[in-house]
Amino acid sequence: MNRLEPTDPAALPPIKVALLGCGVVGSQVARLITQQSEDLTNRVGQRIELVGIAVRSLERDFGGLDPELFTTDADALVSRGDLDVVVEVVGGIEPVRSLVLKAIEHGASVVTANKALLAQDGETLFSAAERAGVDLYYEAAVAGAIPIVRPLRESLVGDEITTVMGIVNGTTNYILDQMTTTGADFADALAQAQELGYAEADPTADIEGFDAAAKAAIMATLAFHTRVRGADVYREGITQVSAADIAAARKAGCVVKLLAVLRLDDAGRVSVRVHPALVPDSHPLAGIHGAYNAIFVESREAGRLMFMGPGAGGSPTASAVMGDLVTVARNRVRGVAGPGESVYAEREIMPMGEVETRYLVRVEVTDEPGVLAACATVFSNHNVSVQTVDQTTAENTDEQVAVLALMTHLARESDLQAVVAELGTRPFTRGPVAVIRVEGK
């Protein structure tokens with residue numbers, strides 16, 4: 001039998017790539033494509049050629065990249081018709097959505113880091129990619145350099161995932177970690193995060209949980225084969241986390257983390273939420289410091305898995321983009337497309353009021369006989385069982401006030417909120433009722 005001689009990749013037409021955006025991430029992607037050309041050729045089997053970069057303005061230094069590559073006409077770039085892959089690292093919804101759809105319509109596969117777009121309108125993008133027979137890859141959209149999309153999309157596709165729980169926003173993890181380890185208050189920790197480049201000048205998307213909620217929607221769609229949109233995710237940010245919350249967590253043997261919590265219950269319903277939570281010191285997520293991310297996955301057969309690494313920054317995110325680019329380029333060489341969106345299950349998404357978890361409830365009350373029993377009665381009235389009670393004396397008050405920290409057993413969210421509402425009406429209550437959920441215990 002005659003063997004075919006391997007084809008010289010240099011003799012084949014290149015894989016033509018266009019880049020939308022050349023900021024912190026985009027500039028690193030462009031650098032890696034140009035500097036690692038030989039290695040990429042060997043990995044893909046054909047040369048990867050960067051043929052255009054769309055930017056908002058040409059009035060800046062692009063770090064030694066060929067000026068001829070740059071254009072402000074993104075529409076013309078994605079419409080040229082000979083592109084194999086378009087890499088989108090601009091962010092936002094429009095005009096990016098229209099540009100991505102136009103690239104797909106003109107036959108290009110797409111690699112994106114745009115979690116907001118995928119969470120809001122992934123259905124449209126995946127449908128367009130399927131019709132066109134091209135790829136849509138997005139590893140960098142969820143956790144920077146951490147490979148979590150591919151394990152959920154491919155490695156665990158033969159298993160049933162029951163829980164995905166993780167730290168998916170480096171900014172908030174840095175802030176909460178500083179509050180825990182150095183005693184910094186929220187404002188000071190946020191200012192430090194901004195100085196270090198972990199937080200934007202406008203940090204709203206991070207500290208109010210919007211960024212994490214978009215990532216949670218993407219992961220839930222993958223894990224549970226059910227389309228979950230950003231609007232389906234219950235969301236709370238960290239702006240209300242106080243030094244008292246941090247101290248209460250420490251006393252309970254926990255730390256405070258902003259978690260994305262995705263669960264499949266025994267009835268086949270899906271819950272997806274993002275909020276601050278107490279995590280026991282013994283849990284792997286408790287030891288994730290600084291701006292790192294970590295995602296804990298539990299499935300029926302594989303059991304418990306953990307993914308950890310830098311969740312943001314130019315180089316880590318560019319690494320994830322490049323991994324997708326190599327995979328998509330290999331698919332183009334072979335003339336195939338990778339797996340598309342898998343949303344056959346159409347599971348019910350639970351309202352937050354039906355979610356069950358544990359809670360730490362802190363309330364200031366008058367320090368007098370019968371008050372603790374009265375508090376316990378309020379919990380009992382709404383079917384919430386108290387596991388432990390810790391009582392301390394409130395400081396800086398002119399009257400005798402006690403601080404009660406009550407840890408509950410597993411309880412329904414709607415029942416717990418009824419407890420909070422009733423406590424707020426009782427004459428012995430001396431301030432707002434603070435509640436923080438408990439996960440991983």
For Asp75, the salt bridge (charged side-chain N to carboxylate O under 4.0 Å, His left out) test, sequence neighbours excluded, returns Lys102
Sorted by chain and number, sequence neighbours left out, salt bridge (charged side-chain N to carboxylate O under 4.0 Å, His left out) with Glu439 holds for Arg263, Arg273
ring-ring contact (aromatic ring centres under 6.0 Å, His included) pairs touching residues 252-274, sequence neighbours excluded, are none
Test: Asp121 and Arg229 ion pair at under 4.0 Å: no
Sorted by chain and residue number, the ring pair (Phe, Tyr, Trp, His ring centres under 6.0 Å) partners of Tyr137 (sequence neighbours excluded) come out as none
I'd like to know if Arg131 pairs up with Glu105 as an ion pair, taking the criterion as any Lys NZ or Arg NE/NH1/NH2 lying under 4.0 Å from an Asp or Glu carboxylate oxygen. no
The residue among Asp66, Thr71, Leu65 that forms side chain to side chain contact (heavy atoms under 4.5 Å, CB included) with Ile53 is Leu65
dist Ile218:CD1 -> Leu262:CG (nearest 0.5 Å) comes out at 11.0 Å
Those residues at least two apart in sequence (or on a different chain) that pass salt bridge (charged side-chain N to carboxylate O under 4.0 Å, His left out) with Glu236 are Arg437
Side-chain donor-acceptor pairs of residues 300-308 under 3.5 Å, sequence neighbours excluded:
unit_1	atom_1	unit_2	atom_2	d
Arg300	NE	Glu160	OE1	2.6
Arg300	NH2	Glu160	OE1	3.4

Students often mix this up, so state it plainly: with edges at 30° and 60°, are the rings of Phe62 and Phe70 parallel, tilted or perpendicular? parallel
**Item:** Salt-bridge present (Arg150, Asp324; N to O < 4.0 Å)
**Value:** yes
Tested for side-chain hydrogen bond (donor to acceptor under 3.5 Å, both in side chains) against His289, the lone hit among Asp177, Asn173, Thr180 is Asp177
